[in-house]
Amino acid sequence: MTYLLALDQGTSSSRSIVFDPSGRTVAMAQKELTQIYPQPGWVEHDALEIWRIQLATAREALAKAGITAAQVTAVGITNQRETTVVWSRLTGQPIHHAIVWQDRRAEPTCVELRARGLADTIRDKTGLLVDAYFSGTKLKWILDQVPGARAQAASGELAFGTIDSWLIWQLTEGRVHVTDVSNASRTMLFNVHTNLWDEDLLAALDIPASLMPTVQPSASLFGEVAPALLGHAIPIGGVAGDQQSALFGQACFKAGMVKNTYGTGCFMLMHTGHNFQTSENGLITTSAAQTTAKPEFALEGSVFVGGAVVQWLRDGLHAIQGSGEVQSLAQSVPDSGGVIVVPAFTGLGAPYWKPDARGSITGLTRGSTLAHIARAALESIAFQSAALLQAMSRDAVRAGGAQVSELRVDGGACVNDLLMQFQADLLGIPVVRPAVTETTALGAAYLAGLTTGVYGSTSELTDLWKAERRFLPTLAPARARELMDRWEHAVQQTTL
Ligand SMILES: Nc1ncnc2c1ncn2[C@@H]1O[C@H](COP(=O)(O)OP(=O)(O)O)[C@@H](O)[C@H]1O
Ligand SMILES: O=P(O)(O)OC[C@H](O)CO
């Protein structure tokens with residue numbers, strides 16, 4: 001039997017998973033990553049630690065699986081996106097901590113870009129809104145702020161990469177400097193129509209092209225893991241940003257197919273095929289994982305506080321001891337009793353875009369209990385996701401497509417049956433949980449398997465995808481609309 005090894009480098013941890021060719025998880029290893037908060041609004045990671053723990057988990061996963069690297073056909077890589085690393089090609093040392101996607105320090109550059117009237121150009125070329133979230137302005141910050149960086153860059157010494165590039169550089173012992181289209185599309189420097197770095201955008205941010213990695217389709221040969229690292233050379237055959245990788249792992253290959261990942265936040269992506277479709281509802285357009293050189297796209301929206309609201313119930317309100325207890329507490333009452341929690345702890349993302357909104361609990365009566373609040377908190381994850389999906393559906397219909405007909409789900413909070421049922425009830429469409437919910441890592445393994453001939457085509461992957469449970473809507477549409485209206489009303493109040 002041969003295997004596929006997925007390296008999944010996330011914001012809070014690094015994981016490595018060994019899959020068999022049927023997509024079954026054989027072994028998994030995980031290590032937490034240190035979060036560095038140098039000042040309010042700033043978030044950093046130590047890129048060397050990222051590499052160290054990623055390698056350690058890869059070794060551990062192989063050992064747990066009881067296999068050697070020689071039995072691994074290919075490695076796939078998936079990663080937290082936008083997080084920015086700059087390192088010296090000579091020493092292999094980063095010149096600064098990695099600046100994490102959540103970091104807001106580059107906002108002044110974004111204000112400047114908007115003032116220079118570049119927002120429309122950026123939107124047209126990259127599909128993105130001008131925001132400090134994306135890598136380009138973080139990269140400019142490093143070049144401007146690290147002493148000597150501009151001179152090093154001018155002499156061609158420096159390399160930029162998102163986490164995938166950084167890991168590949170390390171895995172190939174400094175031989176290969178590459179990325180894939182889905183990661184490149186998160187930099188605000190990449191033309192998603194031509195699949196090339198955009199000279200005008202590089203110039204606008206004063207970034208020398210010599211820093212940039214070569215961009216390849218997500219399923220292609222990126223290099224070979226150096227034999228000394230895992231005991232045998234292994235081709236790196238797949239790379240994708242974690243959300244696009246999850247879309248791929250969910251076998252959402254066709255226009256109109258949607259997945260939502262319920263993690264700390266929620267990330268919803270809808271494949272739009274080869275169409276560069278823009279949103280009128282505050283969503284961004286991004287490159288989907290691509291198996292050929294021909295561009296493929298997705299619409300994306302995110303909920304800032306998803307599963308995090310359950311962490312707040314645990315750590316803030318002490319309503320529960322562990323996240324798993326939220327379901328039984330919420331189920332101890334028949335409904336939220338009219339209570340609505342809007343967890344706008346850090347503002348609200350798409351489709352609302354209310355950065356100044358703050359959280360609220362409304363509808364309290366003398367009879368309200370902690371159980372009602374827990375139920376309302378859980379429901380808030382579904383309300384926010386429903387608003388996002390409805391926005392996406394409107395965009396799809398405007399572009400001549402069909403309404404979304406089913407939602408595929410994954411991520412840590414999708415284990416919650418009550419939440420999934422409420423999601424289906426609000427949306428009026430089936431919510432489908434797959435048998436393998438490690439879809440992010442699975443997507444990277446699938447990409448690597450396609451490149452190395454383990455799979456012949458994506459239709460084989462469509463056949464491998466299996467539902468574990470379908471949650472069918474049970475609520476009358478009029479009642480669902482009424483609930484959504486009450487939610488929207490509560491959202492309006494968060495900025496009053
Ligand atoms: N049974 C549950 N019900 C609801 N939320 C849960 C449950 N178990 C875990 N979660 C939430 O899922 C999130 C973790 O999911 P995960 O996919 O590991 O997130 P991330 O990748 O963002 O770290 C946490 O915010 C946690 O509160
Ligand atoms: O590491 P995650 O799962 O929180 O995902 C981070 C996203 O890729 C950020 O865009």
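When a residue number appears, it is its place in the shown sequence, counting from 1. Atoms within each ligand, like the ligands themselves, are counted from 1 in listed order. What you are looking at is a predicted structure, and each value in this text was computed from that prediction instead of being measured.
Side chain to side chain, Gln244 and Arg81 meet the donor-acceptor criterion of an N or O pair below 3.5 Å. Neither side chain, Asp8 nor Thr440, offers a donor N or O lying under 3.5 Å from an acceptor on the other. A donor-acceptor contact closer than 3.5 angstrom links the side chains of Lys259 and Gln243. For the residue pair Thr11 / Trp101, a side-chain donor-acceptor distance below 3.5 Å is found, with atom types taken as modelled.
Residue Gly411 places a heavy atom less than 4.0 Å from ligand 1.
Protein heavy atoms all stay at least 4.0 Å away from atom 21 (O) of ligand 1.
A salt bridge links Arg104 with Asp131: at least one charged nitrogen is closer than 4.0 Å to a carboxylate oxygen. Remark: Arg408 does not engage Glu468 in a salt bridge, criterion side-chain N to carboxylate O under 4.0 Å. Ionic pairing of Arg186 and Glu300 is present here: one or more N-O contacts between side-chain nitrogen and carboxylate oxygen are shorter than 4.0 angstrom.
Remark: ligand 2 atoms within the under-4.0 Å shell around heavy atoms of Gly10 are 1 (O). Each of the atoms 9 (C), 10 (O) of ligand 2 lies under 4.0 Å from some heavy atom of Glu82. Near Asn416, meaning under 4.0 Å from any of its heavy atoms, are these atoms of ligand 1: 2 (C), 3 (N), 4 (C). Taking a cut-off of under 4.0 Å to the non-hydrogen atoms of Tyr133, the atoms of ligand 2 that pass are 9 (C), 10 (O). Counting atoms of ligand 1 from 1 in the listed order, those under 4.0 Å from a heavy atom of Ser12 are 23 (O).
For atom 18 (O) of ligand 1, the candidate residues are Gly307, Gly306, Ser328, Gly412; the nearest heavy-atom contact is made by Gly412.
Contacts with ligand 1 closer than 4.0 Å are made by side-chain heavy atoms of Val415 only, the backbone lying farther away. Within the 4.0 Å heavy-atom criterion, both parts of Ser323, backbone and side chain, lie near ligand 1. Under 4.0 Å from ligand 2, not a single heavy atom of Arg186 appears. Contacts between Val326 and ligand 1 below 4.0 angstrom, taking non-hydrogen atoms only, involve the side chain exclusively. Proximity of Asp242 to ligand 2, defined as any heavy-atom pair under 4.0 Å, is confined to the side chain (atoms from C-beta onward).
The shortest N or O to N or O distance between Gln80 and ligand 2 is not below 3.5 Å.
The nearest protein atom to atom 12 (O) of ligand 1, hydrogens excluded, is given as Ala413 N, 3.6 Å; this is a heavy-atom distance. The protein non-hydrogen atom at the shortest distance from atom 4 (O) of ligand 2 is Thr11 OG1, 3.1 Å. Counting only heavy atoms of the protein, atom 24 (C) of ligand 1 lies nearest to Gln311 OE1, 3.4 Å. Here the heavy atom of the protein found nearest to atom 13 (C) of ligand 1 is Gly263 C, 3.9 Å.
Annotation: side chain of Arg358 is not in contact with side chain of Phe345 (no heavy-atom distance under 4.5 Å).
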Inset, instruction - Tell me, with the steps shown, if Asp46 and Arg52 meet salt bridge (Lys or Arg N to Asp or Glu O under 4.0 Å). - result: CA-CA 10 Å; Asp46 176 352; Arg52 202 169 49 245; 5.1 Å; no
Inset, instruction - Kindly indicate, with the supporting measurements, whether the criterion salt bridge (Lys or Arg N to Asp or Glu O under 4.0 Å) is fulfilled by Arg15 and Glu60. - result: CA-CA 10 Å; Arg15 295 164 356 136; Glu60 194 183 326; over 6 Å; no
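Side-chain N or O atoms of Thr126 include one that pairs as donor or acceptor with a backbone N or O of Leu128 at under 3.5 Å.
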